[in-house]
Amino acid sequence: MDRLSFFKQGLSSVLDATSSLIGIKKAADSFTEAVSEALSEVRTNIGLHLPTLDNDMYTSPESTLDRIAQLGFTSIEVSAFYRGKVHLLPPSEFKALAKKAGLRIDVAYLTMAPTMTPEERANYLAPTKAASESSSETVSSGANEAAGEIATEEACKETKDPDTTWWENAIATYAQLGCKYISLAYQPEGDSDKAIADFVAYVNLIHPIAAKQNMQLCFHPKTESLIPRNGESALDKIAAQCDAKVLSFEIDTYEAAKAGMAATELIKHFGSRVALLHLHDEYNVGDGDKIDFDATLKEASRHGVDNIYIEVHNFTQPPINCVEKSIFYVEALPSAQY
């Protein structure tokens, strides 16, 4: 029995048919086995936003990753970077556990806010720049040229600011996991010209670090960045000031709904700039009635968005049960791709 047949036939009819043959207790055991078999055979292109199971990942990472795979997920979006580790595990160990479970790691989701404004960063780096220029001016020809080049090289060694250092370490760590995308969840501090300029400067700081590791930088806009003011949202302004090659987007269905719009509108509007998608509801995915997830999957498919992650943030049951209900709902949608 494949997953779609399982949903079409219905849980109650399967249990009734089984119990009539072998009795209630044995029916429950056989039913569980049948369900497990059905759910292990078919995979979609749906991944899990791993912060959903943050506590479980700290207490029992291996069994949690195994369970994620058993539920039908094929990839994970990771976070939890701290001092070169992911969920307190060395990247090589974390990658091995994910590989053993059969899960790809394509996206790193990070919320790090800048510790410096662009002006503070410029002042912080000014002495290094001045030393570099001074060394360059003293370079002469002949025998002194080699010595001058060495002095200039030493002076040009950048005194890295804390933000650059943090991002270099984080991105190097996630590169070891095989991530293709960095999703930046930090938001601009408003939608004023200054706030947007500061945010764009931060993007321009991170982008070359990510590009050096062959990773694409994405921005995950939250509700405030999506609400239009005077006909233009913060996301619109960011999109206008950042080249598509520098910055892509991760659209979240629930953040869009809270901003009074459908994720389908954002996917249509930004087209190929949408690289990642969060299927996210107020509680479990599909519990509410404000988001058309089937239409969202259709639009995502139409625009080639194939990095799709379920996220649950508010829990009505233990997190793993919420994850299970959410993926069952999504996989039963007509637009779910197997």
Side-chain angles (χ1 to χ4, degrees), residues 7 44-49 51-52 73 75 77 106-107 109 111 181 183-188 190-191 196 199 216 218-242 244 247-316 322-323 325-338:
F7 281 112
T44 67
N45 64 335
I46 304 297
L48 178 67
H49 178 67
T52 297
F73 291 98
S75 65
E77 179 181 48
D106 290 334
V107 185
Y109 177 90
T111 58
Y181 298 93
S183 181
L184 175 63
Y186 168 73
Q187 306 296 297
D191 60 355
I196 298 301
F199 183 85
Q216 174 65 36
C218 300
F219 170 49
H220 179 294
K222 297 192 177 179
T223 302
E224 286 301 313
S225 293
L226 294 170
I227 297 173
R229 293 178 175 83
N230 299 318
E232 195 174 26
S233 68
L235 178 59
D236 291 324
K237 295 178 181 180
I238 291 166
Q241 296 185 38
C242 290
L247 189 68
S248 298
F249 303 128
E250 179 170 45
I251 298 302
D252 184 299
T253 55
Y254 185 55
E255 299 293 346
K258 287 195 295 179
M261 62 186 66
T264 51
E265 299 173 29
L266 293 169
I267 296 170
K268 287 177 185 176
H269 180 66
F270 291 107
S272 61
R273 289 194 76 165
V274 179
L276 311 170
L277 175 66
H278 274 181
L279 300 180
H280 181 197
D281 211 337
E282 184 174 6
Y283 297 102
N284 300 332
V285 175
D287 277 0
D289 58 3
K290 295 181 180 179
I291 301 170
D292 188 338
F293 287 100
D294 192 50
T296 302
L297 285 178
K298 281 182 182 177
E299 200 62 42
S301 177
R302 191 174 293 122
H303 287 84
V305 183
D306 55 7
N307 294 282
I308 302 171
Y309 299 90
I310 283 175
E311 175 184 0
V312 183
H313 187 68
N314 297 316
F315 302 105
T316 57
C322 294
V323 167
K325 287 187 67 175
S326 295
I327 192 169
F328 283 7
Y329 169 82
V330 170
E331 291 181 331
L333 295 172
S335 295
Q337 296 182 7
Y338 288 80

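Numbering starts at 1 and runs along the sequence shown. Since the structure is predicted, the reported quantities are computational estimates derived from the model, not experimental observations.
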- Item | Rounded distance [0.5 Å steps], CZ in F270 versus OG in S248 | 11.5 Å

- Task: Show the numbers, then the answer: is there a side chain to side chain contact (heavy atoms under 4.5 Å, CB included) between C322 and N284?
- Result: CA-CA 6 Å; C322 294; N284 300 332; 3.0 Å; yes

- Message: Rounded at 0.5 Å granularity, tell me how far CG in D236 sits from CG in L266.
- Response: 8.5 Å

- Message: Minimum heavy-atom separation for A234 and G190, please, with both atom names.
- Response: CB-O, 4.5 Å

- Message: Nearest 0.5 angstrom please: I308 CD1 to N45 CG, how far?
- Response: 4.5 Å

- Message: So F293 and Y329, do their side chains get closer than 4.5 Å, heavy atoms only?
- Response: yes

- Message: Nearest 0.5 Å, please: how far is CG in L277 from CD1 in I310?
- Response: 10.5 Å

- Query: So do M261 and P228 actually touch side chain to side chain, heavy atoms under 4.5 Å?
  - Reply: yes

- Query: In terms of heavy-atom contacts, does NE2 of H303 have more than 12 from other residues, nucleotides or ligands at under 6.0 Å?
  - Reply: yes

- Query: Looking only at heavy atoms, what is the nearest atom pair of V107 and S183, with distance?
  - Reply: CG1-CB, 4.1 Å

- Check I267 against V274 and note the closest heavy-atom contact, atom names and distance. CA-CG2, 4.1 Å

- About how many Å separate OG of S326 and CG of L48, when rounded to the nearest 0.5 Å? 9.0 Å

- Task: Supply the atom-to-atom distance E282 CD to N314 CG, rounded to the nearest 0.5 angstrom.
- Result: 6.5 Å

- Return yes if a side-chain donor-acceptor contact under 3.5 Å exists between H278 and H220, otherwise no. yes

- Main-chain N/O of Y254 paired with D252 side-chain donor or acceptor, under 3.5 Å: yes

- Note on the structure: Residues passing the salt bridge (charged side-chain N to carboxylate O under 4.0 Å, His left out) test with E299, sequence neighbours excluded, are R302

- Item | Smallest separation among heavy atoms of S225 and P221, with atom names | CB-CB, 4.1 Å

- Message: For D292, give me all partners under side chain to side chain contact (heavy atoms under 4.5 Å, CB included), at least two apart in sequence or on another chain.
- Response: D294, A295

- Message: Could you walk me through whether F199 and F219 satisfy the ring pair (Phe, Tyr, Trp, His ring centres under 6.0 Å) test, starting with their C-alpha distance in whole Å, then the side-chain angles of each, then the deciding distance to 0.1 Å, before giving a yes or no?
- Response: CA-CA 11 Å; F199 183 85; F219 170 49; 4.9 Å; yes

- Message: Using side chain to side chain contact (heavy atoms under 4.5 Å, CB included), reason through I227 and D191 one step at a time and then give a plain yes or no.
- Response: CA-CA 10 Å; I227 297 173; D191 60 355; over 6 Å; no

- Item | Closest non-hydrogen atom pair, R273 against A239 | NH1-O, 2.9 Å

- Query: Does any N or O in the side chain of Q187 come within less than 3.5 Å of the main-chain N or O of K222, such that one atom is a donor and the other an acceptor?
  - Reply: yes

- Message: Quick one, E77 and E250 - any side-chain contact, counting heavy atoms below 4.5 Å?
- Response: yes

- Task: Work out which heavy atom in I238 is nearest to a heavy atom in L247; give both atom names and the distance.
- Result: CG2-CD2, 3.6 Å

- List the steps, then state whether side chain to side chain contact (heavy atoms under 4.5 Å, CB included) holds for I251 with T296. CA-CA 11 Å; I251 298 302; T296 302; over 6 Å; no

- Message: Please determine whether side chain to side chain contact (heavy atoms under 4.5 Å, CB included) holds for the pair V330 and L297, giving the CA-CA distance in whole Å, both sets of side-chain angles, and the decisive distance to 0.1 Å.
- Response: CA-CA 9 Å; V330 170; L297 285 178; 4.2 Å; yes

- Item | Non-neighbouring partners of K258 that pass salt bridge (charged side-chain N to carboxylate O under 4.0 Å, His left out), sequence neighbours left out | E255

